[in-house]
Amino acid sequence: MPTRPRVRFAPSPTGYLHVGGARTVLFNWLFARHTGGEMVLRIEDTDTERNRPELTDNILEMIEWLGLRWDGEPVHQSDRIDRHRAAADQLLAARRAYWCDCTPEQVAARAKERGGPPGYDGYCRDRGLGPGPATALRFRTPDDGATSFEDLVRGTVSFENKVLEDFVLVRSNGTPTFLLANLVDDADMGITHVVRGEEHVSGTPKYLLIGEALGLHHRPTFAHLPVLVNEQRKKLSKRRDSVSVAAFRDEGYLPEAMVNYMALLGWGPKDGVEIRPLGEIVELFRLEDVTPSPAFFDVRKLQSFNADHIRALDAEAFVERARPFLGEGPRGEATEAVLRPLAELVRDRVRLLTEVEPMVAFLRDDEITIDETSWQKGVAKLADRAAAMLDAVIAALADVAWERDAIEEALLGAAVTAGFTNAEGKPQMSKAQGPVRVAVTGRIVGPPLYESLVVLGRERTLDRLRDARGLL
RNA sequence: GCCCCCAUCGUCCAGUGGCCUAGGACGCCGCCCUUUCAAGGCGGUAACACGGGUUCGAAUCCCGUUGGGGGUGCCA
């Protein structure tokens, strides 16, 4: 009976969830869903020095926000420390590990002295040291032979054992390192596929060697995903690059757009259809098809995907999703009220949810500020004709029925009156609407004018038109 | 330095020996549509890193060069 695939996402709570980590969870999740397997979470909090437990909440929250559900309760590696120590003891008893009291400085000094490669030289291998406050437990790596493994993304990868230094299994403070805990937990949890970032490739032979030395028959299939890089083609770093998932959420990206875009980093559907529902991606996704080369995280393309997913929303859903970005309390309610009648028109014009509120603020606020550049471009440049247009519009709108078509007709007529016509005497609204738009909205770009005026109301429209006329 | 990996348009992906005068998407440019801006339609720009093989035939296989990335921690 074939084993059900079981994968894990194993973040360490030393930073917020960033897009690199998010992509890793996503690929684990896609694989699990595609194969009918399960994905578990394991918080790798063995480094007590740098852990920030509160970050675990952020990581979990972001994974949930992305809609990637895990199976069961998240496991905290720190709860399993006894098991890790037992494994360490076993290794020590089998003489596959030994105590070492060299300080990092001593290790570095010796490496420099001998002029060879940096790294630990096995100095304490046969010194027969016992445990102590300043001793760490190191794994005795084989001096010859090679360790290789199959990688779904990269094929066979092989390392000469002699290039592997004797690495630390247990720190001098008694806590197990990632190398030990990671392997032991994967084995205990029955992980069948290890799907993680490329940065773990060189640690894989160590993982395998510990497992063998422990007599564990744990031989998962590996899939090392290409790293995500920035414009400089360097691995995305939380420090250098602003890539926290929470930041994208706060900028108004939709989780479905994030997930859709990230799925295309290192993978692509054969049919070339990029924008598609998650369900279809689950169906098509295969780890074997993941490309091995680094991928650039292109925010512009992400934005395009976001705009597409926003446009796929119906009016009701759009308002719902935009709500957190409309403002707090009464102000938020007021924004929502003016947005609602224009929902579709606004939705088709934004790339980010944060752009919604600024686009309709002129409808909500009593006072508007007129953008200088827009004034120059849409009003001042037209000189006398702008004044004529405003006069004509003020007159035409005074007693017209306050509905879209009537307003359009009024503006068309005003344009003719003000002389904005083409060779056939037809009104040229592309220019004529400028002064009106700037006067009423404060900007040269915005939602369609006639519909906006309907929402604005006659009084406020006329007030703003008169104010602008007075400035000329 | 050493180890491992990678190499198709600016970017992401398709392409797994002939269907490739290399396809799609983002971006960029132009035109159309148009009440601004978007959206949409149409068109365009732009790549198989280089050199050797293998083969009747190579973007696809092999070797090398160059370039890039990852690792080299008592971080994960």
Side-chain angles (χ1 to χ4, degrees), chain A residues 10-15 44-47 49-50 100 102-104 107-108 115-120 134-138 151 153-155 157-160 162-165 167-173 175 177-179 181-182 196-205 224 226-227 229 231 233-235 261 264-275 289 291-305 307-308 311 345-351 359 374 377-378 408 411-412 415 427-434 436-438 441 443-451:
Chain A
S12 70
T14 52
E44 308 231 319
D45 52 356
T46 57
D47 186 358
E49 308 279 306
R50 307 158 216 246
C100 164
C102 298
T103 63
V107 172
Y120 186 66
T135 57
L137 189 73
R138 287 185 184 271
D151 190 300
V153 179
R154 284 149 221 281
V157 182
S158 187
F159 289 82
E160 297 275 339
K162 65 177 182 223
V163 306
L164 271 22
E165 62 176 341
F167 54 91
V168 172
L169 295 166
V170 180
R171 300 185 186 89
S172 52
N173 70 5
T175 57
T177 60
F178 156 80
L179 262 0
N182 188 254
R196 49 175 12 174
E198 183 190 346
E199 63 271 23
H200 291 290
V201 170
S202 51
T204 304
H224 287 101
V227 288
V229 298
E231 299 90 324
R233 295 253 126 209
K234 296 287 184 195
K235 185 172 80 159
Y261 174 67
L264 268 34
L265 257 20
W267 177 83
K270 306 278 181 217
D271 62 11
V273 180
E274 297 191 323
I275 306 284
D289 297 333
T291 50
S293 30
F296 169 63
F297 188 88
D298 187 353
V299 181
R300 286 188 306 179
K301 185 154 180 173
L302 205 212
Q303 277 192 9
S304 168
F305 273 48
D308 269 314
R311 269 183 249 115
L345 299 174
V346 173
R347 170 249 268 156
D348 293 347
R349 286 172 170 72
V350 297
R351 298 167 77 79
M359 198 171 280
S374 294
K377 217 168 149 186
E408 175 180 16
L411 291 201
L412 254 29
Q428 274 192 311
M429 294 310 292
S430 59
K431 279 188 180 167
Q433 56 103 35
V436 183
R437 176 178 291 281
V438 175
T441 74
R443 299 183 55 205
I444 192 72
V445 300
L449 191 55
Y450 315 142
E451 290 79 357

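Chain identifiers are assigned alphabetically (A, B, ...) following the order of the sequence lines, protein sequences preceding nucleic acid strands; residue numbering begins at 1 within each chain. None of the values given here were measured: they were computed from a predicted structure.
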Is the shortest side-chain N/O distance from A/R50 to OP1 or OP2 of B/G73 below 4.0 Å? no
Less than 4.5 Å apart, side chain to side chain, heavy atoms only: is that true for A/D47 and A/S12? no
Just checking A/A295: base, sugar-phosphate only, or nothing, at a heavy-atom cut-off of under 4.0 Å? sugar-phosphate
Rounded interatomic separation in angstrom, taking CZ from A/F296 and P from B/C26: 16 Å
Main-chain N/O of A/A134 paired to A/S172 side chain as donor or acceptor, under 3.5 Å: no
Residue-phosphate contact under 4.0 Å: A/T291 side-chain N/O, B/C12 OP1/OP2: no
Distance check, rounded to the nearest 0.5 Å: A/Q433 atom CD versus A/Q428 atom CD? 12.0 Å
OP1, OP2 of B/G27 versus side-chain N and O of A/K301: anything below 4.0 Å? no
Under a 4.0 Å heavy-atom criterion, the protein footprint on nucleotides 30-50 of chain B, written with B, S and -, is -----BBBBS-----------
Does B/C74 have a Watson-Crick or wobble partner in any strand here, with both distances under 3.5 angstrom, and which is it? none
Using the C1' atom as the reference point in each nucleotide, state the distance between B/C9 and B/A49 in Å, no decimals. 14 Å
For B/C6, take OP1 and OP2 only and decide whether either is under 4.0 Å from a side-chain N or O of A/R154. no
Select one nucleotide: of B/A14, B/G69, B/C6, the one nearest the side-chain heavy atoms of A/K270. B/A14
Pair A/R171 + A/E49, salt bridge at N-O below 4.0 Å: no
